[in-house]
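Only a predicted model underlies this, so the values are computations on that prediction, with no experimental measurement involved. Quick note on labels: first sequence line is chain A, next is B, and so on, each numbered from 1. Quick note: numbers below take in every heavy atom, side chains included, and nothing from hydrogens, waters or symmetry partners.
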Amino acid sequence: MKEYLGQLFLEATKNLDYLNDIEINFSVPRTEEHGDLSTNAAMLLTKKLKKNPRLIAQGIIDSLNIDHNIINKIEIAGPGFINFHFSATYLTGIVKTIFDEGEHFGKSSKHSGKKAIVEFVSANPTGPLTIGHGRNAVLGDTVATLLEAIGYSVDREYYFNNAGRQMRVLGDSVKLRYNEILGEKISFPEDYYQGEYIKEISRKLVDEYEDKLRDENPEGKFKEAAEQSIFSDIKNTLGMLGIGMNSYFNENTLYTDKKIDEVLNRFDKMGLSYEKEGAVWLKLSEMGNEQDKVIVKSTGEPTYRLPDIAYHIEKFKRGYDLIVDLFGSDHAATYPDVLAGCRALGYDIQKVRVLIHQFVTIVENGEIVKMSTRKANFITIDELISEVGADVVRYFFIMRNMNTHLNFELDLAKKQSDENPVFYLQYAHARISSILRMTEKEGLNGSFEYLNLLTHETEVKLLKKLFLFPEEIEYAAEYFEPHKIANYLEDLASLFHKFYTECRIIGSEKKLAEARIALIKSVQIVLKNGLTLLKVSAPDKM
RNA sequence: GCCCACGUAGCUCAGUAGGAUAGAGCAACAGUUUCCUAAACUGUAGGUCACAGGUUCGAAUCCUGUCGUGGGUACCA
């Protein structure tokens with residue numbers, strides 16, 4: 001609909017060149033009386049033309065070459081809105097479009113030929129994925145899927161570090177538990193990893209090697225076994241959520257491939273770094289940031305900034321048109337320095353989009369649960385999936401805007417009841433399947449021939465909603481807002497349930513029944529396409 | 001102190017690409033089933049869009065300040 005109007009206005013600029021001075025946009029009015037689409041173009045021109053906006057609106061309308069088979073009413077309303085009402089024939093056309101495009105309906109090829117990378121999860125292998133990681137994982141995966149839906153070819157990448165202090169502590173933790181199982185009396189330090197999973201890893205080592213590892217360095221077999229076990233659990237968890245990574249990028253390779261040295265040299269040669277107090281500093285203050293920061297500590301070890309810059313340079317070199325990073329808000333401070341460093345080295349940071357999602361707060365029994373991987377005071381994604389299922393987990397993480405804090409009410413999520421929006425959507429889909437099973441028995445089939453009989457209020461509303469699906473996907477993808485899809489589907493499901501209550505199929509006159517079958521089939525296709533984007537299942541029976 | 005995000009109904013949140021009378025779910029209350037799945041539908045009630053200024057034809061939306069919440073502010077990531 002918007003495309004059609006956009007085209008009309010474009011043609012009109014030939015006669016009214018002042019239309020070029022403003023950005024013409026169309027919005028869906030809140031109330032139905034205001035039409036299907038509306039534009040404020042006339043009001044935006046009042047200043048320039050110094051005329052009454054309603055007069056300007058009339059001028060605009062007069063210059064539009066309108067096909068009355070498509071638009072059956074145009075009004076000037078309120079202070080100067082131009083409201084467009086689309087004809088029923090035009091609206092019902094969407095049903096056939098949806099049938100023709102099937103599972104592709106909603107997708108576009110707007111960005112086809114372009115490559116994107118989405119980096120997400122990126123948790124170091126020190127413990128199982130928790131609810132905080134879960135939000136990141138599901139959002140990242142959905143952002144990637146949405147980009148695919150508008151034509152990008154997308155790589156999903158997981159960046160991790162299996163070296164460093166955290167991992168040393170992990171090895172130490174496993175060794176200590178190993179000794180404990182062998183009967184040694186130990187005291188387990190508070191800053192070691194407390195989780196039960198550590199004991200399990202140790203137990204497996206005892207099973208396999210008995211006491212032969214007593215003199216083994218914690219950084220040897222112990223760390224290795226822990227990393228392997230934990231990483232395999234993480235991949236398994238992601239798999240249960242339907243998430244498959246294209247690649248796992250190990251920070252270590254940046255050292256072994258000398259990428260770190262390379263970046264360091266480039267900064268040095270460009271005079272962008274200097275030594276002070278035994279450390280190497282990056283002149284971020286000259287790059288527009290607040291203050292200089294250390295990139296190599298006096299111990300000779302780089303800070304996270306250096307490998308992060310080197311990693312991003314690798315991504316630039318791989319030729320992506322769009323580079324998306326998704327972090328929790330606790331990492332929000334890291335990226336301005338990283339981007340400034342990349343820009344200073346000549347890379348086009350316009351290609352990078354850094355998405356920050358806010359924290360997940362767990363509320364259990366009305367109390368906020370503070371979580372820490374180290375203290376093993378956490379709820380894992382595995383536990384959550386086993387209690388509520390992957391569909392609910394995914395949907396709950398997607399349904400809220402990522403920049404608001406998510407209150408995850410555990411008691412509520414565990415409850416499988418009608419309070420749950422996931423079931424509401426799935427039920428709409430299952431209900432349609434059920435109706436279709438019944439109508440088939442009655443010998444009724446969908447038909448495009450009598451779509452003009454779809455004039456009931458809820459039918460018209462459904463048709464208009466269906467029209468919007470491709471736009472919703474495009475918006476959600478371009479602005480990285482997966483929750484828009486969830487909101488849209490809830491609206492659509494709600495309209496369908498109303499339709500179900502008010503409009504019967506079996507028992508209606510045959511032509512009408514067949515038109516309605518075509519309508520609900522197209523609703524089902526859209527529900528399914530939407531749920532598929534979110535990787536939530538669309539059952540035929542519930 | 002400084003930086004970032006957020007503050008909308010009792011609760012959880014949409015709405016923020018400036019637009020017309022601010023919405024949904026849950027909870028509360030009252031209804032709907034001889035009829036394609038009641039995991040549904042209808043109605044009632046619930047609001048100083050944190051507060052105060054500003055920008056303009058028009059502000060929940062943009063700007064400034066105040067208060068509150070969370071995160072960051074390291075030679076941790």
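When distances are taken from the side chain of Asp330(A) to each of G72(B), G15(B), C75(B), the shortest belongs to G72(B). Checking A14(B), C6(B), A17(B) against the side-chain heavy atoms of Arg400(A) singles out A14(B) as nearest. Considering only the side chain of Phe359(A), G71(B) comes nearest among G19(B), G71(B), U21(B). Considering only the side chain of Leu44(A), G19(B) comes nearest among G15(B), A20(B), G19(B). Nearest nucleotide to the Phe81(A) side chain, out of A20(B), C36(B), G70(B): A20(B).
Here the side chain of Asp540(A) pairs no donor or acceptor atom with the backbone of Ala430(A) at under 3.5 angstrom.
Side-chain to base pairing of Ser38(A) with A20(B): one donor and one acceptor N or O lie within less than 3.5 Å of each other. Judged by atom type and distance alone, Ser298(A) reaches the base of C75(B) through a side-chain donor-acceptor pair under 3.5 Å. Contact annotation: side chain of Glu442(A) to base of C36(B), donor-acceptor pair absent below 3.5 Å.
At the heavy-atom level, Ser329(A) lies under 4.0 Å from the strands shown only through sugar-phosphate atoms. Residue-level contact check: Ala428(A) touches neither bases nor backbone, having no heavy atom under 4.0 Å from any strand. Within 4.0 Å (heavy atoms only), Asn83(A) reaches at least one base atom of the nucleic acid. Using a 4.0 Å heavy-atom distance criterion, Glu277(A) is classed as a base contact. As judged by a 4.0 angstrom heavy-atom cut-off over every strand, Glu33(A) is placed among the base-contacting residues. Base engagement by Asn40(A) is indicated by at least one non-hydrogen atom pair under 4.0 Å involving a base atom. If you check every strand for non-hydrogen atoms under 4.0 Å, Asp491(A) touches nothing. Here Tyr424(A) lies in heavy-atom contact (under 4.0 Å) with sugar-phosphate atoms only.
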Q: Dump the intermediate steps for ring-ring contact (aromatic ring centres under 6.0 Å, His included) on Phe231(A) and Tyr158(A), then the final yes or no.
A: CA-CA 12 Å; Phe231(A) 232 128; Tyr158(A) 185 127; 5.5 Å; yes

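Contact check, His483(A) against G15(B): a side-chain N or O comes under 4.0 Å of OP1 or OP2. Between Lys484(A) and the phosphate of G15(B), there is a side-chain N or O to OP1/OP2 separation shorter than 4.0 Å.
Contact check for His429(A) versus Phe496(A): no side-chain heavy atoms found under the 4.5 Å cut-off.
In RNA chain B, the stems built from three or more successive Watson-Crick or G-U pairs (distances below 3.5 Å) are B:1-7 with B:67-73, B:10-13 with B:23-26, B:28-32 with B:40-44, B:50-54 with B:62-66.
Aromatic pair Tyr159(A)/Tyr311(A): ring centres closer than 6.0 Å.
Contacts between residues 461-478 of chain A and RNA chain B, defined by a heavy-atom separation below 4.0 Å, involve Tyr475(A), listed by number.
A salt bridge between Glu119(A) and Lys315(A) is present, with a side-chain N of the basic residue lying under 4.0 Å from a carboxylate O of the acidic one.
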